[in-house]
Amino acid sequence: METTTLKNKEVLSTVLQEISGAEAVIKILLEEGVDTVFGYPGGAIMPVYDALYGYREQLKHVLTRHEQGATHAAQGYARVSGKVGVCFATSGPGATNLITGLADAMIDSTPLVCITGQVHSSLLGTDAFQETDVVGISMPVTKWNCQVTSAKDLEKVLAKAFYVARSGRPGPVLVDITKDAQFELFEYNYKSCTKVRSYIPKPRLDLSQLVFAADLINQAKKPLVLVGQGVLLAEAETELKIFLEKIGAPAAWTLLGLSALPSDHYLNVGMLGMHGNYAPNIKTNECDVLIAIGMRFDDRVTGDLKRYAKQAKVVHLEIDPAEINKNVYAHAPVLGDAKESLKALTELLVPNEHDTWLNSFRLLEEEEKKQVITPQLHPNEGELLMAEVVRRVSEATLHDAVLVTDVGQHQMVASRYFKFKNSKNSVTSGGLGTMGFALPAALGAKMAKPKQTVVAFIGDGGFQMTLQELGTIQQENLAVKIIILNNNYLGMVRQWQELFFERRYSETNISSPNFVALAGAYGIRGQRVNERVNLDEAITEMLEHDGAYLLEVMVKKEGNVFPMIETGSSVSEIRLS
């Protein structure tokens, strides 16, 4: 018996390949279906980059100009592809530069695997050159993290990293690998991970809760559906449409739920929240059943929680148990993957129509159109407005472009006025609200969908936070279309200063470089538009140009975004002006 075991071990050892930990990292990425990595090399991760050299035809590496840019690019890639975004960084400042992107990915449920190099294990805790406790620093902003000090542990750790990042409610994972573990040789025998003890990514559907939820929906006279990013993450867009059309209920979307339902769908009633549409906000406090799907009742959606939908029974379809009853009490919580939950719930529903209820939304839509939308889209004179620029770009791309936005006024305007035919065509920083997000996220999105038009709307302030990624766009020859809406202000802060701080514009006036000349220095074509008469021609030139293009549009300096719900107000107190 002992002799047989020894022979088996001998046979296995001749089959297994002995490789370095660094090469194992690259091979594992390929086994996990990774084709693109964003990153920046440095001393502590140099062995991984050396191993990458021999796999360049199989694994594309994109050299960003800053590690934060690498995380946002990986986010953009992940959001439009549905795959895990991957990035590399070295130890110390390289690793700490990832933190903003990790936090952004964590709150927006974006699957990332970030691999950082670390000093030799013998130097841990000695304040060695470029040593930082990245595991401790990143713990609050990752779904899971781990430090590897021995090459033999790499396979299990990285397998778990990809499984945790993509399963259940997705999120970012960080794996920190010491330099000696990267050099160390071991016998490579990779197996992907399919489960982790005590981790339940998809809660089992509770039939009793499904029945109760179905009863509430079947009896509803004024149902309202709230569509969150969970629909997109679960790839449940088809199930959502079937569900909505069976019950005939109006549906509104959160900022991250944008594009889950086509803009022109007859049950789509617009965006929820602080700068959302008038009707869905008002009607939230009139509906009798509120059906939330894959959303977390963020404060920007709910306004004052003490006055939020108190008249309604709440059905909450959610994969993360931590979100149930966190902000809003759910009378019928349905834990599970949105695709599975919607399919099972729809089978229990009775076909219905709510034409009178839906028509009440149309009346409020007309009011918003008259007071806000028409003046924004069709101004008779004066300075260019953000809304008309956004809508004209949307129309010129036949509403089929990937929209990437930064954070601020332009983000809210773009979300309101850009239209969508297909899902996963909207990429923005939601929960963290990261200025500087859009430019690197746009290049990541373009890497994921090279044949689709990618347009990035960015403010003059946010653009200057990560403008160095123009170098990445140039080096990779990415045809990203960049539209800077320049009002010479930090616009959203200025709007609040105007409305709530008696126009004391404290440190919100911002000067900028010549953006067109700056783009030209990177070999990127561009132009500035000051007059409305030149806008359409400039948009056409931008879209027809075979390559990256920067279009700077000078817009109204003190333009505001309405509707608006003031902080601490109820959703039914939304202002049109």
Side-chain angles (χ1 to χ4, degrees), residues 9-64 67 70 74 84-95 98 112-126 128-135 138 142 144-165 173-193:
K9 286 184 177 179
E10 287 172 8
V11 171
L12 189 62
S13 66
T14 60
V15 174
L16 294 181
Q17 182 185 10
E18 195 173 69
I19 62 174
S20 70
E23 186 176 2
V25 170
I26 305 302
K27 290 177 74 69
I28 289 168
L29 295 184
L30 292 171
E31 296 239 28
E32 289 290 342
V34 177
D35 54 24
T36 306
V37 177
F38 305 89
Y40 205 97
I45 200 169
M46 206 175 294
V48 169
Y49 273 88
D50 184 63
L52 175 66
Y53 190 84
Y55 291 85
R56 288 177 298 171
E57 292 186 6
Q58 298 158 268
L59 185 61
K60 170 72 177 176
H61 180 275
V62 179
L63 177 66
T64 58
E67 291 88 355
V84 177
V86 179
C87 58
F88 291 161
T90 194
S91 62
L98 301 178
L112 298 185
V113 170
C114 296
I115 297 172
T116 54
Q118 184 55 275
V119 300
H120 194 286
S121 58
S122 65
L123 297 175
L124 291 172
T126 68
F129 178 67
Q130 289 194 333
E131 182 201 358
T132 302
D133 179 12
V134 67
V135 172
S138 65
T142 50
W144 181 67
N145 67 9
C146 184
Q147 186 174 77
V148 178
T149 59
S150 176
K152 64 181 174 58
D153 297 326
L154 272 169
E155 293 174 321
K156 286 186 177 180
V157 169
L158 284 173
K160 180 178 177 180
F162 276 93
Y163 177 68
V164 170
V173 171
L174 182 138
V175 177
D176 191 46
I177 310 172
T178 60
K179 199 166 185 179
D180 50 318
Q182 296 173 51
F183 278 123
E184 186 182 359
L185 299 177
F186 77 108
E187 292 181 336
Y188 180 78
N189 184 30
Y190 184 71
K191 295 178 182 177
S192 60
C193 180

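Bear in mind the structure is a predicted one, so any value in this text is a computation, not a measurement.
- Side-chain atoms of Leu98 and Tyr40, non-hydrogen and from C-beta on, never get closer than 4.5 Å to each other.
- With Glu155 contributing its side chain and Asn189 its backbone, the two residues share a donor-acceptor pair below 3.5 Å.
- Put simply, CG on Leu59 and CG on Leu52 are 5.5 Å apart, with the number rounded to the nearest 0.5 Å.
- Here the side chains of Ile45 and Thr90 are in contact, with some heavy-atom distance below 4.5 Å.
- Between Tyr188 and Phe186, the ring planes lie perpendicular to each other; the angle is over 60°, past the 30° to 60° tilted range.
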**Report entry** Residues Lys160, Trp144; criterion side chain to side chain contact (heavy atoms under 4.5 Å, CB included); working and verdict
**Finding:** CA-CA 9 Å; Lys160 180 178 177 180; Trp144 181 67; 3.6 Å; yes
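- Of the possible donor and acceptor atoms, one in the side chain of Gln182 sits under 3.5 Å from a partner among the backbone N and O of Ala44.
- The closest side-chain heavy-atom distance from Val86 to Thr36 is not below 4.5 Å.
- The OG1 atom of Thr178 sits 11.0 Å away from atom CZ of Phe183, with the distance rounded to the nearest 0.5 Å.
- Interatomic distance, Leu158 CG to Glu31 CD, rounded to the nearest 0.5 Å: 11.5 Å.
- Rounding to the nearest 0.5 Å places CG of Leu29 at 5.0 Å from CZ of Phe162.
- By the 4.5 Å heavy-atom criterion applied to side chains, Val25 and Val175 are not counted as neighbours.
- Note that the CD atom of Glu18 and the CD atom of Glu23 stand 11.5 Å from one another [nearest 0.5 Å].
- Of the possible polar contacts, one joining the Glu131 side chain to the Gly125 backbone as a donor-acceptor pair under 3.5 Å is found.
- Ser192 approaches Glu32 most closely through the heavy-atom pair CB-OE2, 3.8 Å.
- A distance-only check finds no donor-acceptor pair linking the side chain of Glu187 to the backbone of Lys152 [under 3.5 Å].
- Partners of Phe88 by ring pair (Phe, Tyr, Trp, His ring centres under 6.0 Å), not counting sequence neighbours, listed by chain and number: Tyr49.
- Although no hydrogens or angles enter the test, the distance criterion places no donor-acceptor pair under 3.5 Å between the side chain of Asp180 and the main chain of His120.
- Atoms SG and CG, on Cys146 and Leu154 in that order, are 9.5 Å from each other to the nearest 0.5 Å.
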Query - side chain to side chain contact (heavy atoms under 4.5 Å, CB included) evaluation trace for Val48 with Ile26 - result: CA-CA 7 Å; Val48 169; Ile26 305 302; 4.0 Å; yes
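- When all heavy atoms of Ala89 and Ala95 are compared, the pair lying nearest together is CB-N, 4.4 Å.
- Not a single donor-acceptor pair under 3.5 Å links the side chain of Ser150 to the backbone N or O of Asp153.
- The two atoms that bring Ala151 and Ala181 nearest to each other are CB-O, 3.4 Å, heavy atoms only.
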**Report entry** Gln118 and Val135: CA distance, side-chain angles, deciding distance, side chain to side chain contact (heavy atoms under 4.5 Å, CB included) verdict
**Finding:** CA-CA 10 Å; Gln118 184 55 275; Val135 172; over 6 Å; no
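- Nearest heavy atom pair, residue Val34 against residue Val37, reads CG1-CG2, 4.0 Å.
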